[in-house]
Amino acid sequence: MNIHLYLRSKMRTRDENKEAAIREKAMEMIVNEGFDGLSMQKLAKAANVSPATIYIYYKNREDLLNQLYNHVQQTFHEVALEGFNPELSFEEGLWIQWKNRLKFISKYPKHFQFQEQFRNSPCINHSDVNLSHFKENMKLFIMNAIKKGEMKRMEPEIFWSVAYGSLYSMIKFHLQEISIMGNSFKLTDAKLKIAFDMVIKALKP
C-alpha cells in the first residue's frame, strides 16, 4: 500500500475512534445527568479530547445533540429493519418488529435511554432531526395491512399504543428487574409471544 494512503487511513481511523468516544460519553452524560448535565468542557474531559477536537465534528452543542440523535436513529433503523419488508403479512411483520426492537434495546441500552429522553424533549422538533426513511417503511407496512384486510383502520396514535405499548412496558419492567407484584420480572420469548398474540387479536378486524 502507498505510504501516504496508509497514513491517511490510520488518521481517519483515529478520528473515527475519537468521534465514537465523544458520542458514547455524550450519551452517557445525558442518560445519567440529563441534558443540563452536558457541557462541551465536561464532555471533552470525559472523552479524553480537547474542546477544540469536539468542534471539528460539531458546530455547537445543539448540532452535537441533533447529530447524536440521528446517529442513534440510524442504528435503530438498521436493527429494526433487519429481515423486515413492508410487503410482509401483518402478523409476521409486526412480530419481526417486536423482536428487532427488543434486540436493539438489549444490545444498545444507552442508545435507547438517550432516544427516549430526546423524543420527550423539545429537541425532537428541530429541523435537523431526520425520521423520514423509517416512518415511510412503517407507514407502507400499515397501509398494506389495512388494504389486505389484516388490520383494523385506526388513528396512528391508537395503533402505536396497542401495537407497541405492551412491548415497551414489558421491556422496561425487564430492564428495571421489577414487577407489579414486587418480584424480579424477566422477559422471555414465551412471555413475549403471549403478549404478542393478545395484541394481534386486538388489532385484527
- Query: If two hydrophobic side chains count as joined below 4.5 Å and joins carry through other members, does Leu140 share a cluster with Ile96?
  - Reply: no
- Here the gap from Leu192 atom CG to Ile171 atom CD1, rounded to the nearest 0.5 Å, amounts to 7.5 Å
- Task: Tell me whether Ile194 is reachable from Val199 by hopping between hydrophobic residues (I, L, V, M, F, W, Y) whose side-chain heavy atoms are closer than 4.5 Å.
- Result: no
- Message: Show me the pairs that pass salt bridge (charged side-chain N to carboxylate O under 4.0 Å, His left out) and involve residues 46-62, at least two apart or across chains.
- Response: none
- Indicate the atoms forming the closest heavy-atom contact of Lys18 with Tyr57, along with that distance. CB-OH, 3.9 Å
- Task: To the nearest 0.5 angstrom, please state how far the CZ atom of Phe114 sits from the CG atom of Leu65.
- Result: 6.0 Å
- Kindly check if the number of other-residue, nucleotide or ligand heavy atoms within 6.0 Å of NZ (Lys45) is above 12? no
- Evaluate the side-chain contact (heavy atoms from CB on, under 4.5 Å) criterion for residues Leu64 and Met40: first the C-alpha distance (whole Å), next the side-chain angles of each, then the deciding distance (0.1 Å), finally the verdict. CA-CA 10 Å; Leu64 165 64; Met40 295 307 217; 4.0 Å; yes
- Message: If we count only N and O atoms by modelled type, under 3.5 Å, do the side chains of Gln67 and Asp63 hold a donor and an acceptor together?
- Response: yes
- Message: Would you compute the distance between atom CD1 of Ile142 and atom CD1 of Ile146 and round it to the nearest 0.5 angstrom?
- Response: 6.5 Å
- Query: Hey, are the side chains of Glu91 and Glu150 touching, using non-hydrogen atoms and a 4.5 Å cut-off?
  - Reply: no
- Take atom CG of Asn48 as the centre, draw a 6.0 Å sphere, and report whether it contains more than 12 heavy atoms from other residues, nucleotides or ligands. no
- Query: Closest heavy-atom contact between Leu175 and Ile105?
  - Reply: CD1-CG2, 3.8 Å
- Evaluate the side-chain contact (heavy atoms from CB on, under 4.5 Å) criterion for residues Met151 and Lys204: first the C-alpha distance (whole Å), next the side-chain angles of each, then the deciding distance (0.1 Å), finally the verdict. CA-CA 4 Å; Met151 188 193 111; Lys204 281 185 175 179; over 6 Å; no
- Message: In terms of relative ring orientation, are Phe141 and Phe90 parallel, tilted or perpendicular, with 30° and 60° separating the classes?
- Response: parallel
- Can you see which heavy atom on Met29 is nearest to which on Ala46, and at what distance? SD-CB, 4.4 Å
- Item | Cation-aromatic face contact Lys193/Trp95, 6.0 Å, 45 degrees | yes
- In this structure, CZ of Phe118 is separated from CD1 of Ile30 (nearest 0.5 Å) by 8.5 Å
- Query: So, the side chain of Trp160 versus the backbone of Glu155: is there a donor-acceptor pair under 3.5 Å, distance only?
  - Reply: no
- Taking side chain as C-beta onward, heavy atoms only, is Glu116 less than 4.5 Å from Lys172? yes
- Note on the structure: Distance col, row Asn70:CG vs Thr75:OG1, nearest 0.5 angstrom, shows 11.0 Å
- Task: Could you state whether Met198 and Phe159 fall into the same hydrophobic cluster, counting links through intermediate Ile, Leu, Val, Met, Phe, Trp or Tyr residues with side-chain heavy atoms under 4.5 angstrom apart?
- Result: no
- Item | Sole candidate of Phe196, Tyr168, Phe84 that passes ring-ring contact (aromatic ring centres under 6.0 Å, His included) when paired with Trp98 | Phe196
- Evaluate the salt bridge (charged side-chain N to carboxylate O under 4.0 Å, His left out) criterion for residues Glu24 and Lys110: first the C-alpha distance (whole Å), next the side-chain angles of each, then the deciding distance (0.1 Å), finally the verdict. CA-CA 9 Å; Glu24 289 302 313; Lys110 277 197 173 62; over 6 Å; no
- Quick one: do Val72 and Phe35 end up in the same hydrophobic cluster if we chain Ile, Leu, Val, Met, Phe, Trp and Tyr together by side-chain heavy atoms under 4.5 Å apart? yes
- Side chains of Thr53 and Ser50, donor plus acceptor under 3.5 Å: yes
- Message: Let's go through Lys191 and Phe185 carefully: what are the C-alpha distance in whole Å and the side-chain angles of both, what is the deciding distance for side-chain contact (heavy atoms from CB on, under 4.5 Å) to 0.1 Å, and is it a yes or a no?
- Response: CA-CA 10 Å; Lys191 291 175 184 177; Phe185 177 80; 4.0 Å; yes
- Task: Tell me yes or no: between the side chains of Gln117 and Gln113, is some donor less than 3.5 Å from an acceptor?
- Result: no
- Can you tell me if Lys25 uses its side chain to pair, donor with acceptor, with the backbone of Lys42 under 3.5 Å? no
- Show your working on side-chain contact (heavy atoms from CB on, under 4.5 Å) between Leu68 and His111 and close with a plain yes or no. CA-CA 10 Å; Leu68 185 56; His111 285 57; over 6 Å; no
- Task: May I ask you to test the Gln73-Arg119 pair for a side-chain heavy-atom distance under 4.5 Å?
- Result: yes
- Query: Mind checking whether Phe104 and Phe76 have parallel, tilted or perpendicular rings, split at 30° and 60°?
  - Reply: perpendicular
- Task: Please name the pair of heavy atoms, one in Val162 and one in Ala202, separated by the smallest distance, quoted to 0.1 Å.
- Result: CG1-CB, 4.2 Å
- Is the number of heavy atoms from other residues, nucleotides or ligands within 6.0 Å of CG (Asp36) greater than 12? no
- Any idea how Phe134 and His77 line up, ring-wise: parallel (<30°), tilted (30 to 60°), or perpendicular (>60°)? parallel
- Note on the structure: Note: Ala195 and Met170 closest approach over all heavy atoms is CB-CE, 3.4 Å
- Query: Is there a donor-acceptor contact under 3.5 Å from the side chain of Ser106 to the main chain of Lys103?
  - Reply: no
- Query: In Å and rounded to the nearest 0.5 Å, what is the CZ to CE distance from Arg153 to Met143?
  - Reply: 8.5 Å
- Item | Smallest separation among heavy atoms of Ala163 and Leu94, with atom names | CB-CD1, 4.3 Å
